[in-house]
Asks: 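Could you have a look at this structure, given as structure tokens, before my questions?
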2 protein chains.
Amino acid sequence: MDRKIEDILKRNQLSVTSGRKKILELFLQQDGALAHNDIEKRAGEKFDRVTIYRTLQAFLEKGMIHSIPTSDNSIRYALCKDNCSEGHHHDDHVHFVCSACGNTVCLEGVMVPPIKLPNGFVVEQVEMLVSGVCKSCNMDV
Amino acid sequence: MDRKIEDILKRNQLSVTSGRKKILELFLQQDGALAHNDIEKRAGEKFDRVTIYRTLQAFLEKGMIHSIPTSDNSIRYALCKDNCSEGHHHDDHVHFVCSACGNTVCLEGVMVPPIKLPNGFVVEQVEMLVSGVCKSCNMDV
DNA sequence: ACAACAAACGCAACAGCGTTGCAAATAATT
DNA sequence: AATTATTTGCAACGCTGTTGCGTTTGTTGT
Ligand SMILES: [Mn+2]
Ligand SMILES: [Mn+2]
Ligand SMILES: [Zn+2]
Ligand SMILES: [Zn+2]
């Protein structure tokens with residue numbers, strides 16, 4: 001596990017530091033998305049807020065994670081499971097926010113449907129954010 | 001015009017004050033969405049930041065405006081043109097953010113397509129945010 | 001038109017998020 | 001092991017949004 005994490009960092013040309021290892025580990029042992037604040041809380045050893053911001057920024061630029069805009073105006077981040085290259089990446093799946101547990105997940109299997117806009121509009125990117133009750137919260141009933 | 005504005009406020013059971021009239025006027029003479037900051041700048045007479053926040057909150061609760069989450073983590077607000085009742089409302093159209101002029105508009109004619117999620121997920125709300133170049137920016141080329 | 005009441009406003013203060021500059025600490029390279 | 005490059009923690013800052021409270025403004029009834 002620790003080896004795997006170091007490999008990912010090296011593959012992305014990032015020097016391996018304890019902070020980056022810890023944050024990447026958090027993403028790997030989590031199927032949902034993480035906000036800056038989640039990381040701050042879960043990282044047992046204390047890292048400076050700024051370090052977390054810069055780490056997220058670095059992961060983002062390398063295409064290791066992508067950001068998910070949510071309606072409550074808080075940015076979440078999730079691992080890119082497809083092979084996203086540095087720079088832009090294809091984030092063509094739907095994101096789901098559970099109103100019960102608060103989790104945000106990537107629905108990798110659900111593609112954003114094609115959309116037809118009026119003449120004159122050029123589409124660059126489409127984001128689809130679905131809110132509701134997630135699978136595990138429904139099973140708990 | 002001034003009469004129309006007062007009518008809207010009264011119809012929504014809001015006492016008519018100079019601040020609310022001004023802000024509502026800004027929304028009416030604008031086809032795109034407005035952020036708190038836009039209002040702060042455009043309101044010629046100076047209103048306190050807090051007043052603008054509270055006014056937006058009031059308009060939102062009355063269903064006069066709806067909020068549009070954007071990828072850059074800034075909340076925009078737009079008039080509800082359909083007859084949205086207090087509380088929830090049907091925001092079933094697509095929102096568009098122009099990367100050239102920065103404007104955010106409601107595409108009232110473009111419905112959010114239906115989406116099928118895996119078993120176990122219950123959908124409450126779907127938001128679709130498209131970014132690209134808007135009609136007027138394309139015509140300027 | 002006026003008084004009495006209710007609501008909204010401005011101000012001050014505060015908490016949280018995200019950014020930047022810089023010196024110290026840590027990792028990579030030789 | 002020494003040198004160099006990178007990252008980190010800290011301090012400081014600006015911006016956004018919220019809350020409490022006293023004052024001002026709007027509404028209601030006479
Ligand atoms: Mn995703
Ligand atoms: Mn809209
Ligand atoms: Zn859930
Ligand atoms: Zn435009």
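All figures in this text were calculated on a predicted structure; none of them were measured in a lab. Numbers restart at 1 for each chain; the letters A, B, ... are given by sequence-line order, proteins then strands.
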Asks: Can you tell me if B/Asn73 touches the phosphate of C/dC17, counting only side-chain N or O atoms and a distance under 4.0 Å to OP1 or OP2?
Replies: no
Asks: On the nucleotide D/dT8, are OP1 or OP2 found under 4.0 Å from the side-chain N or O atoms that A/Thr51 carries?
Replies: no
Asks: With a 4.0 Å cut-off on heavy atoms, is B/Arg49 in touch with a base, just the backbone sugar-phosphate, or nothing at all?
Replies: base
Asks: Which residues pass the salt bridge (Lys or Arg N to Asp or Glu O under 4.0 Å) test with A/Glu40, sequence neighbours left out?
Replies: none
Asks: Taking CG from A/Asp72 and P from D/dT16, how many angstroms apart are they, rounded to a whole number?
Replies: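 Distance, rounded to whole Å: 18 Å.
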Asks: Report yes if a side-chain nitrogen or oxygen of A/Asn37 is closer than 4.0 Å to either non-bridging phosphate oxygen (OP1 or OP2) of C/dG16; otherwise report no.
Replies: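 False: A/Asn37 side-chain N/O out of range (4.0 Å or more) of C/dG16 OP1/OP2.
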Asks: With the side chain of B/Tyr53 defined as its heavy atoms from C-beta on, choose the nearest nucleotide among C/dA8, D/dG17, D/dT8.
Replies: D/dG17
Asks: Does D/dT27 have OP1 or OP2 sitting under 4.0 Å from an N or O in the side chain of B/Ser15?
Replies: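 For B/Ser15, the contact criterion (side-chain N or O under 4.0 Å from OP1 or OP2 of D/dT27) is not met.
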Asks: On DNA chain D, check which nucleotide each of A/Gly19 and B/Ile75 is closest to and give me the residue with the more 5' one.
Replies: A/Gly19
Asks: Between the axis at one end of the helix from C/dA1-D/dT30 to C/dT30-D/dA1 and the axis at the other (five pairs apiece), what's the angle to 10 degrees?
Replies: 40°
Asks: Which atom pairs, one a donor and one an acceptor, fall under 3.5 Å between side chains of residues 18-34 of chain B and the rest of the protein, sequence neighbours left out?
Replies:
unit_1  : atom_1 : unit_2  : atom_2 : d
B/Arg20 : NH1    : B/Ser15 : O      : 2.9
B/Arg20 : NH1    : B/Ser15 : OG     : 3.3
B/Gln30 : OE1    : B/Arg42 : NH1    : 2.8

Asks: Tell me the ring-ring contact (aromatic ring centres under 6.0 Å, His included) pairs involving residues 30-60 of chain B, sequence neighbours left out?
Replies: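 Qualifying pairs, neighbours excluded: B/His36-B/Tyr53.
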Asks: Distances for protein N/O vs nucleotides 22-26 of chain C N/O pairs under 3.5 angstrom?
Replies:
none

Asks: Kindly write out the residues that satisfy salt bridge (Lys or Arg N to Asp or Glu O under 4.0 Å) with B/Arg3, not counting sequence neighbours, or none if the list is empty.
Replies: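 If we apply the salt bridge (Lys or Arg N to Asp or Glu O under 4.0 Å) test to B/Arg3, skipping adjacent residues, the hits are B/Asp7.
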